[in-house]
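Okay, structure first, notes after.
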Amino acid sequence: MSIALPSFIETYLTPEEITKLQKKKKALHTEEYKHLMLVRLSHDYRGYPRGTVFHEHGIITGYPRILRVLHLENGIKRYCKGSFFVEEKVDGYNARIALIKGNAIAVTRGGFICPFTTRRIADMIDLNFFDLNPGYVICGEVVGPGSPYNTEAIPYIEKDVVFFAFDLMDESGRKLSSEERHRVLEPFNIQQVRRWGPFSTSDMDAIKSVILELERDGREGVVIKPLLDKKPIKYVTLSSCLRDLQAACGLMAEIPAGFYIQRILRAIFFCHEFDISLSEDYLLESARALYLLPQRVVEAVAEGENVREKFKVNVREKDAIYGLLEHLTRSGLSTKLISLEKTNDYYSAKFHRIYSKATREIRQRLMGHGFFD
Ligand code: ATP
């Protein structure tokens, strides 16, 4: 059932804009959470990115998209004219944390309240931060094998999830500079992504050695953030391309082909710029991912199973896991709870994400149905 739009939305949008947004795209969605009314924007509009959440006491601005470059040096020269920091790009899922009327909430990139992240906020950051900085929004990545959204291997986090802050927005939605962010977050020991610099375009050797260090350590890559109000760019390591393939090849019938081509191209451009030849091992592992993982999935479907991924998450209260599964279902995903066990302070839940479209498609191919390609 849809809820009527609350009147505070007119602080941000004119009545004409609201009508236009609702008529054309149905882009404003009202939700109630613990007596708070929230309005989620599901498309970019004016200065507001998709995933912006408006509420009675302020705004949680959407996290903007980041331009990718495949040639690091030329990308930096093209987009970063002044000084910039090189920050580690960590590989998990994006979460924006805010405190509204005493309620700490974490919203996903799309602007939905994530029941899992929301119920784990107190484990990840010191909430006293908001006493001194009311209305601020901490943007970061939730990373680790206990993520309910990611299946990539994270070589640097052994268990559960960890939060790494990488941006901070003030009450007006303005992003603070990297310097300001460090100054404001540090007193609360809120963990931030690693950063190097400030650099300028004449420091290319130092920047490239950071990339090679990240490559050696199995890290994802970097986001380059200009000191002045310019847009950031992102660049990933060679090893992250392989880890992406290994995580996604089992879902070949579900994920658009462009995903795989993009990883291959990123790897090729990396080798070109860093003058690296792909090792036999890298080639073998890529081929294994591209062929053996989908092969295993086809065999499993032939034996009557579904295409699925396994997740294991820790929650403090049982109902947080039901909330998470409901949230995934609302986002159009099928899930199945496998087990829920109490261990010390946490409930450890195992669940499957089930891919019905991929299962159906593979089943039809196995039954000899034809298709145009
Ligand atoms: P996008 O929407 O930006 O095109 P995406 O959602 O496909 O991209 P990625 O390609 O992984 O995601 O890159 C952007 C994401 O990287 C950000 O949304 C953020 O969640 C994550 N990230 C990790 N580390 C950082 C960092 N240091 N600075 C900014 N973002 C970071």
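Basis for what follows: all heavy atoms, side chains included, without hydrogens, waters or symmetry-related copies. Indexing begins at 1, ligand by ligand and atom by atom, following the structure's order.
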With sequence neighbours excluded, what pairs up with F274 under the ring pair (Phe, Tyr, Trp, His ring centres under 6.0 Å) test? F270
Should M252 and I255 be regarded as members of a common hydrophobic cluster, given that ILVMFWY residues are connected when their side-chain heavy atoms come within less than 4.5 Å of each other, either directly or indirectly? yes
Please tabulate, one pair per line, all N/O donor-acceptor pairs under 3.5 Å involving side-chain atoms of residues 306-315, not counting sequence neighbours.
unit_1	atom_1	unit_2	atom_2	d
E309	OE1	Y355	OH	2.6
E309	OE2	T151	OG1	3.4
N314	ND2	D160	OD1	3.4

Which protein N or O atoms sit under 3.5 Å from any N or O of ligand 1? Give each pair with its distance.
unit_1	atom_1	unit_2	atom_2	d
ligand 1	2 (O)	R109	NH1	2.9
ligand 1	2 (O)	R109	NH2	3.0
ligand 1	3 (O)	I66	N	2.8
ligand 1	3 (O)	K234	NZ	3.2
ligand 1	4 (O)	R65	NE	3.2
ligand 1	4 (O)	R65	NH2	3.3
ligand 1	4 (O)	K234	NZ	3.2
ligand 1	6 (O)	R109	NH1	2.8
ligand 1	8 (O)	K234	NZ	2.8
ligand 1	10 (O)	R68	NH2	2.9
ligand 1	10 (O)	K234	NZ	2.8
ligand 1	11 (O)	K89	NZ	2.6
ligand 1	13 (O)	K89	NZ	3.1
ligand 1	13 (O)	K234	NZ	3.2
ligand 1	16 (O)	K89	NZ	3.3
ligand 1	18 (O)	N94	ND2	3.1
ligand 1	18 (O)	R109	NH1	3.3
ligand 1	20 (O)	N94	ND2	3.0
ligand 1	20 (O)	E141	OE1	2.5
ligand 1	24 (N)	V90	N	3.2
ligand 1	27 (N)	E87	OE1	3.0
ligand 1	27 (N)	E88	O	2.9
ligand 1	28 (N)	K225	NZ	2.9

Could you list all the ring-ring contact (aromatic ring centres under 6.0 Å, His included) pairs where at least one residue sits in residues 166-191, not counting sequence neighbours? Y63-F166, F129-F188
Once the angle between the rings of F199 and F84 is folded into 0 to 90°, is it parallel (under 30°), tilted (30 to 60°) or perpendicular (over 60°)? tilted
State which residue, out of T61, I60, I100, I113, fulfils the side chain to side chain contact (heavy atoms under 4.5 Å, CB included) condition with V53. I60
